[in-house]
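Just below is one structure, and these are the notes that go with it.
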Amino acid sequence: MRIDAISIFPEFFDVLDISLLGKAKAQDLLDVKIHDLRDFTDDKHRTVDDTPFGGGAGMLMKAEPWGQALDLVMTPETIVIFPSPAGELFKQATAKEFSQAKHLVFACGRYEGIDQRVVDYATSNAKVRLVSLGDYVLNGGEVAAVAMIEAIARLIPGVIGNADSLTEESHSDGLLEYPSYTKPSTWRGLEVPEVLLGGNHAEIAKWRKARALERTQQVRPELLD
């Protein structure tokens, strides 16, 4: 998979060079390119923002630098993702959908956002999605983009060593994951549940399912709806 990210703070994406994603890049499972939006400006101050029409607080990102940056990376097969609190909620199903794409572009806004015409222009040249991590506001799209890239990339075949582990994670089946334990069986007076020590895999599976339902009911009951 190819991923491009456009930002005025490209250093945010250095974290993608470590851990499993760094290995995935080294093995050519993931091709990631980061672009500095200021490289697409044409003034000596490398200006990317201006005051919004109609007034209001803050500054808005100008259209032309974005147009030039998107022209460099967009193809008809591209999905352009604008991280935005005004977008659809990013879920595990969204990550799975995006993991099957050939090319993703993350357009990371700052300040009060990006001129709407950039989104409209991108829509005429590629598939476009506005996506939110949750009902809160960040300073920019970079943190959200990094989180989404990790959630997406780990679903690409070969990125995670044991692919079976993906099927038992939170949200993989609509539930939160059951609690897990490792050795020793007794730690500071706390015991591992007896059922996990007995080797009866049918009972273990039953226990895990019950605990997943219990945790989901307590923490995220809306998922059961």
Side-chain angles (χ1 to χ4, degrees), residues 1-43 45-50 57-74 78-92 94-95 97-99 101-116 118-119 121-122 126-156 159-160:
M1 173 188 282
R2 176 183 165 188
I3 295 177
D4 288 88
I6 306 168
S7 166
I8 61 170
F9 295 116
E11 58 270 25
F12 261 102
F13 296 89
D14 291 348
V15 68
L16 299 179
D17 290 328
I18 62 174
S19 190
L20 292 177
L21 297 195
K23 292 179 181 179
K25 290 172 65 177
Q27 296 169 359
D28 294 326
L29 296 172
L30 197 59
D31 179 17
V32 179
K33 292 182 173 60
I34 311 302
H35 309 271
D36 188 341
L37 183 67
R38 295 190 189 278
D39 291 341
F40 301 92
T41 58
D42 56 9
D43 68 301
H45 299 295
R46 306 179 80 203
T47 307
V48 296
D49 61 316
D50 208 335
M59 303 290 280
L60 202 65
M61 300 194 91
K62 298 168 63 174
E64 185 54 25
W66 278 106
Q68 292 189 33
L70 290 172
D71 284 344
L72 178 68
V73 297
M74 277 194 306
T78 300
I79 300 176
V80 182
I81 300 169
F82 290 89
S84 169
E88 63 182 281
L89 187 62
F90 184 79
K91 299 181 179 181
Q92 188 66 17
T94 320
E97 176 191 351
F98 288 159
S99 73
K102 292 183 178 180
H103 182 212
L104 301 175
V105 172
F106 287 85
C108 300
R110 280 266 154 179
Y111 312 122
E112 296 303 311
I114 303 172
D115 188 312
Q116 177 62 35
V118 174
V119 178
Y121 175 73
K127 302 180 184 69
V128 169
R129 302 279 285 274
L130 272 66
V131 184
S132 172
L133 281 190
D135 296 333
Y136 49 87
V137 179
L138 300 170
N139 287 335
E142 292 81 8
V143 170
V146 168
M148 286 189 271
I149 291 170
E150 178 160 313
I152 293 163
R154 64 195 305 278
L155 299 178
I156 298 172
V159 173
I160 297 293

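The chain is numbered in sequence order, starting from 1.
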Taking the side chain as every heavy atom from C-beta outward, state whether Leu30 and Ile3 have any pair of such atoms under 4.5 Å apart. yes
Any donor and acceptor pair, going by atom type alone, linking the side chain of Ser7 with main-chain N or O of Phe9 inside 3.5 Å? yes
Minimum heavy-atom separation for Leu21 to Ala153, with atom names? CD2-CB, 3.5 Å
Would you call Ile114 and Val119 a side-chain contact if the rule is heavy atoms closer than 4.5 Å? no
Do Leu60 and Tyr111 have side-chain heavy atoms sitting under 4.5 Å apart? no
Shortest non-hydrogen contact from Pro10 to Ile34? CB-CG2, 3.6 Å
From CZ (Phe82) to CH2 (Trp66), nearest 0.5 Å: 7.0 Å
Would a 4.5 Å heavy-atom cut-off, applied to side chains only, mark Ile8 and Met61 as touching? yes
Any Leu104 side-chain heavy atom under 4.5 Å of Met1 side chain: yes
When you measure from the side chain of Thr47 to the backbone N and O of Asp49, does any donor-acceptor pair fall under 3.5 Å? no
Under a 4.5 Å cut-off applied to non-hydrogen side-chain atoms, are Leu37 and Arg110 in contact? no
Evaluate the criterion side-chain contact (heavy atoms from CB on, under 4.5 Å) for residue pair Leu20 and Arg154; output intermediate values, then yes/no. CA-CA 8 Å; Leu20 292 177; Arg154 64 195 305 278; over 6 Å; no
Between Glu142 and Gly109, which heavy-atom pair has the shortest distance, and what is it? OE1-O, 4.4 Å
How far apart are the closest heavy atoms of Ile156 and Ser99, and which atoms are they? CG1-O, 4.2 Å
What is the minimum heavy-atom distance between Ser132 and Ser84, and which atoms define it? CB-O, 3.0 Å
Please check this pair: side chain of Thr78 against backbone of Val80, looking for a donor-acceptor N/O pair closer than 3.5 Å. no
Of Arg129, Gln92, Lys91, the residue whose pairing with Glu97 passes side-chain hydrogen bond (donor to acceptor under 3.5 Å, both in side chains): Arg129
Between NZ on residue Lys33 and CD1 on residue Ile6, distance to nearest 0.5 Å: 13.0 Å
Taking all atoms of both residues into account, what is the closest heavy-atom pair of Met74 and Ala126, and its distance? SD-CB, 4.0 Å
Check whether any side-chain heavy atom of Phe90 lies under 4.5 Å from a side-chain heavy atom of Ile152, and answer yes or no. yes
Contacts satisfying salt bridge (Lys or Arg N to Asp or Glu O under 4.0 Å) that involve residues 59-71 (not counting sequence neighbours) are none
Can you list every pair that meets salt bridge (Lys or Arg N to Asp or Glu O under 4.0 Å) and has a residue in residues 1-14, with sequence neighbours left out? Arg2-Asp4
CG of Asn139: more than 12 outside heavy atoms within 6.0 angstrom? no
